[in-house]
Amino acid sequence: MYVYDSFDRQFVTARVAQFRDQVARRLCGELTEEQFRPLRLMNGVYLQLHSYMLRVAIPYGTLSSRQLRTLARIARTHDKGYGHFTTRQNIQFNWPSLEKIPDILAELAEVEMHAIQTSGNCIRSITADHFAGAAADEVVDPRPYAEILRQWSSVHPEFSYLPRKFKIAVTGAHDDRAAIRVHDIGLELVKRGDGAVGFVVFVGGGLGRSPFLAWKLRDFLPEQDLLAYVEAILRVYNLYGRRDNKYKARIKILMHEAGCATVRDEVEAEFERIRDGALELPAADVARIARHFALPPLTDRPAVSDREEAAKAADPIFARFVATNVTPHKLPGHASLTISLKPIGGVPGDATADEMDLVADLADRFGHGEIRVSHRQNLILPHVARDDLPAIHAALLAAGLATANAGLVGDTITCPGLDFCALANARSIPVAQDISQRFADPARAAAIGPLDIKISGCINACGHHHVGAIGILGVDRKGEEFYQITLGGSADDDARLGDSAGPGFWPNQVADAVETVVDTYLARRASPAETFLATYRRIGLAPFKEALADVVR
């Protein structure tokens, strides 16, 4: 993991002191809420439906056990005993009192964490593949480059007041687990035949009221040009992005209205102007930062674990957990293990303080003290020995954290919705709970196979519903909650936006509608091996739309 140097520590500590003064001025009435708003947003503090909310940055989703224990202590001391992990690999505390937030930020600073640029019209936290550095299919570890981008973008004087928020994601594997095509900039690390490392550059992706998949700007950007090219993109956006209408201010609108060729020409011209200057990335700097992300000292082990195989043969519950929640590692005898934060009937993405402490303990005992947060709102132990899988599973099972549903129908991505968010039109959490209970039978979920359900409580699409195999959007219909469904979306390397399935549904009909979609898929799939998306792309929307019409009647 990246370790703060003296500059980082001094900067974050000074920022805490600055915000402490701003909070004091707000509490005594020297600042109005309107004056305070841009100051708090720069420090990750939102005014939600019921209280202030603090969003804490977890850059590229990487946590140490010490950091996770600090988050658990904050949840226990300053909140209601839990935190909510988000689709941007961050954590949100929904109930802190404003006067205590500077104390929280001071605690975070002690473990090299902060909330800077988790809000506002700036470059937000950089996200990455949650299996980075461990995945068997990885070409290049994206985390060093995400860290370079984090350092470059933090309080960047030119890009602190962009037309709108700006999100960057990096992946280094053939299978895109970072959803790079729905980000303002998406970067895919690649290697040429001569071994040179570079990036495929995507620009202009984004969801919300006007969803777009990103356009490809470059097939190969050399490693040393990363910062110069990204800066050129931001300069073009900062110059031409609309500031008269926040709904048309994202770079996706600029790409759509000006055209990819026009934007590319502007970016390339600016890039040529600055490429050989101070932003050129020295190989020595990349190597220095990459050393922070070296693999932990993993012991050589046989590719097949006799202990794991014996446990699978003896315990079908453990065997099911391995089949769904365990992912191959780049080193034989090891694996990455997903800890689902989607228990049956639970709140997706929530973890209690006790659960966070347990995961930190397991990371220390079995996972070299490292934890990841996925944009799917789960936690991961990225480097565990397969021999230790039975012991880890037993500990998770005792704590109620062994739900074997990673990637299945119950593993919904869900925004906080109207239970917390002041922007929401409808609740998301009860919908997710209904769906997880409807498909609670693990054998049934396994028979359905991989299926992404994504739920948003408003058009802002924090739940990524546009790119769900089944997407659910909550809207306001004459003062009542109503839900629209899209089908066929995907955020992976074959990214697509979902198709509208027609008329919407009342809250008590949504689970029925999802079950109807699933039953239609099961009846139409060519074989048990054909996934929902494969079936959908083969037969199209019509059979599903026809079946859903019966739910409405």
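- Contacts classified as salt bridge (charged side-chain N to carboxylate O under 4.0 Å, His left out) and involving residues 259-268 (residues at least two apart or in different chains) are given here: Arg218-Glu268.
- Closest heavy-atom contact between Leu254 and Val236: CD2-O, 4.3 Å.
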### Query
Under the side-chain contact (heavy atoms from CB on, under 4.5 Å) criterion, do Leu47 and Arg37 qualify, and how do the steps go?
CA-CA 9 Å; Leu47 185 55; Arg37 183 176 182 272; over 6 Å; no
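- Summarising the local packing, CD of Glu34 is surrounded by 12 or fewer heavy atoms from other residues, nucleotides or ligands at distances under 6.0 Å.
- Distance check: Leu63 CG to Leu71 CG gives 6.0 Å after rounding to the nearest 0.5 Å.
- The backbone N or O of Thr118 sits less than 3.5 Å from a side-chain atom of Arg55, completing a donor-acceptor pair.
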### Task
I would like to know whether Glu530 and Thr535 meet side-chain hydrogen bond (donor to acceptor under 3.5 Å, both in side chains); could you show each step before the answer?
CA-CA 6 Å; Glu530 188 175 53; Thr535 299; 2.8 Å; yes
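- Atom CD1 of residue Ile180 and atom CG of residue Asp176 lie 4.5 Å apart, to the nearest 0.5 angstrom.
- With hydrogens and angles ignored, the 3.5 Å screen pairs no side-chain donor or acceptor of His78 with any backbone N or O of Ile104.
- Between Val514 and Ile453, some side-chain heavy-atom pair lies under the 4.5 Å cut-off.
- Here side-chain hydrogen bond (donor to acceptor under 3.5 Å, both in side chains) pairs that include residues 401-418, with residues two or more places apart or in two chains, are Ser340-Asn405, Lys342-Asp411, Arg376-Asp411, Asn378-Asp411, Thr412-Thr414.
- Side-chain atoms of His465 never come within 3.5 Å of backbone atoms of Gly457 as a donor-acceptor pair (strictly under, hydrogens ignored).
- For the ring pair (Phe, Tyr, Trp, His ring centres under 6.0 Å) test, residues two or more places apart in sequence or in another chain that qualify with Tyr521 are Phe532.
- A donor-acceptor pair under 3.5 Å is formed between the side chain of Ser456 and the backbone N or O of Gly463.
- Side-chain contact between Arg15 and Ile116: present, with at least one pair of heavy atoms (C-beta onward) separated by less than 4.5 Å.
- Between Tyr229 and Phe271, the ring planes are perpendicular. Angles over 60° get that label, and only those under 30° would be called parallel.
- To the nearest 0.5 Å, atom CZ of residue Arg181 and atom CZ of residue Phe202 are 4.0 Å apart.
- Remark: the backbone N or O of Val373 is paired with a side-chain donor or acceptor of Gln89 at under 3.5 angstrom.
- A side-chain N or O of Glu147 and one of Gln151 form a donor-acceptor pair less than 3.5 Å apart.
- For residues 471-515, the ring-ring contact (aromatic ring centres under 6.0 Å, His included) pairs, not counting sequence neighbours, are Phe482-Trp506.
- Ala501 approaches Leu548 most closely through the heavy-atom pair CB-CD1, 3.7 Å.
- Tyr60 does not carry Arg143 over the face of its six-membered ring by the limits of under 6.0 Å from the centre and within 45° of the normal.
- A donor atom on one side chain and an acceptor atom on the other are not found under 3.5 Å apart for Gln117 and Arg124.
- Checking Tyr52 against Ser97 by side-chain atom types alone, no donor-acceptor pair falls below 3.5 Å.
- Of all heavy-atom pairs between Leu522 and Ala447, the closest is CD2-O, 4.4 Å.
- Under the 3.5 Å distance criterion, the side-chain polar atoms of Thr87 are matched with a main-chain donor or acceptor of Cys462.
- Between Ser490 and Arg537, the closest side-chain pair of non-hydrogen atoms falls below 4.5 Å.
- The CZ atom of Arg372 sits 8.5 Å away from the CG atom of Asp129 when rounded to the nearest 0.5 Å.
- No donor-acceptor pair closer than 3.5 Å links the side chain of Glu481 to the backbone N or O of Ala426.
- Between Asp184 and the options Lys167, Arg250, Lys252, a side-chain hydrogen bond (donor to acceptor under 3.5 Å, both in side chains) holds for only Arg250.
- Of the possible polar contacts, none joining the Asn43 side chain to the Val45 backbone as a donor-acceptor pair under 3.5 Å is found.
- Between the CD1 atom in Ile123 and the CG atom in Leu234 there is a gap of 4.0 Å [rounded to 0.5 Å].
- Ring-plane geometry between Phe212 and His256 is classed as tilted, the angle between the planes lying from 30 to 60 degrees on a 0 to 90 degree scale.
- Put simply, the side chain of Glu515 never gets that close to the backbone of Asp512: no donor and acceptor are under 3.5 Å apart.
- Under the 4.5 Å side-chain criterion, counting only non-hydrogen atoms from C-beta, Lys216 is in contact with Val200.
- Using a 4.5 Å cut-off on side-chain heavy atoms (C-beta onward), Phe131 and Thr327 make contact.
- Of the possible polar contacts, none joining the Arg177 side chain to the Ala128 backbone as a donor-acceptor pair under 3.5 Å is found.
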Under 3.5 Å, sequence neighbours excluded: what are the donor-acceptor pairs made by side chains of residues 157-166?
from, atom 1, to, atom 2, distance (Å)
Glu158, OE1, Arg235, NE, 3.4
Glu158, OE2, Arg235, NE, 3.3
Ser160, OG, His156, O, 2.7

### Query
Step by step, would you call His84 with Asp350 a side-chain hydrogen bond (donor to acceptor under 3.5 Å, both in side chains)?
CA-CA 4 Å; His84 176 73; Asp350 278 8; 2.9 Å; yes
### Task
Show your working on side-chain contact (heavy atoms from CB on, under 4.5 Å) between Ile251 and Ile233 and close with a plain yes or no.
CA-CA 10 Å; Ile251 195 173; Ile233 294 169; 3.9 Å; yes
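- Residues Val170 and Ile126 meet the side-chain proximity criterion, which asks for heavy atoms closer than 4.5 Å.
- Closest of all the heavy-atom pairs between Gly83 and Ile91 is CA-CD1, 4.1 Å.
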#### Entry: Steps toward side-chain contact (heavy atoms from CB on, under 4.5 Å) verdict (His174, Asp493)
CA-CA 8 Å; His174 294 302; Asp493 41 303; over 6 Å; no
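- His183 places a side-chain heavy atom less than 4.5 Å from the side chain of Thr127.
- Phe85 meets the ring pair (Phe, Tyr, Trp, His ring centres under 6.0 Å) test with no other residue; sequence neighbours excluded.
- Closest of all the heavy-atom pairs between Pro348 and Gly346 is CD-O, 3.4 Å.
- Side chains of Leu226 and Trp152 form no contact here, defined as non-hydrogen atoms less than 4.5 Å apart.
- If you check the side chains of Tyr536 and Asp499, you find a donor sitting under 3.5 Å from an acceptor.
- Other residues, nucleotides and ligands place more than 12 heavy atoms under 6.0 Å from the CZ atom of Arg242.
- One finds the CD atom of Gln48 at 5.0 Å from the SG atom of Cys421 (value rounded to the nearest 0.5 Å).
- Checking Gln92 against Thr86 by side-chain atom types alone, no donor-acceptor pair falls below 3.5 Å.
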### Query
Where do Leu41 and Asn121 land on the side-chain contact (heavy atoms from CB on, under 4.5 Å) test, with the steps shown first?
CA-CA 9 Å; Leu41 289 176; Asn121 293 337; over 6 Å; no
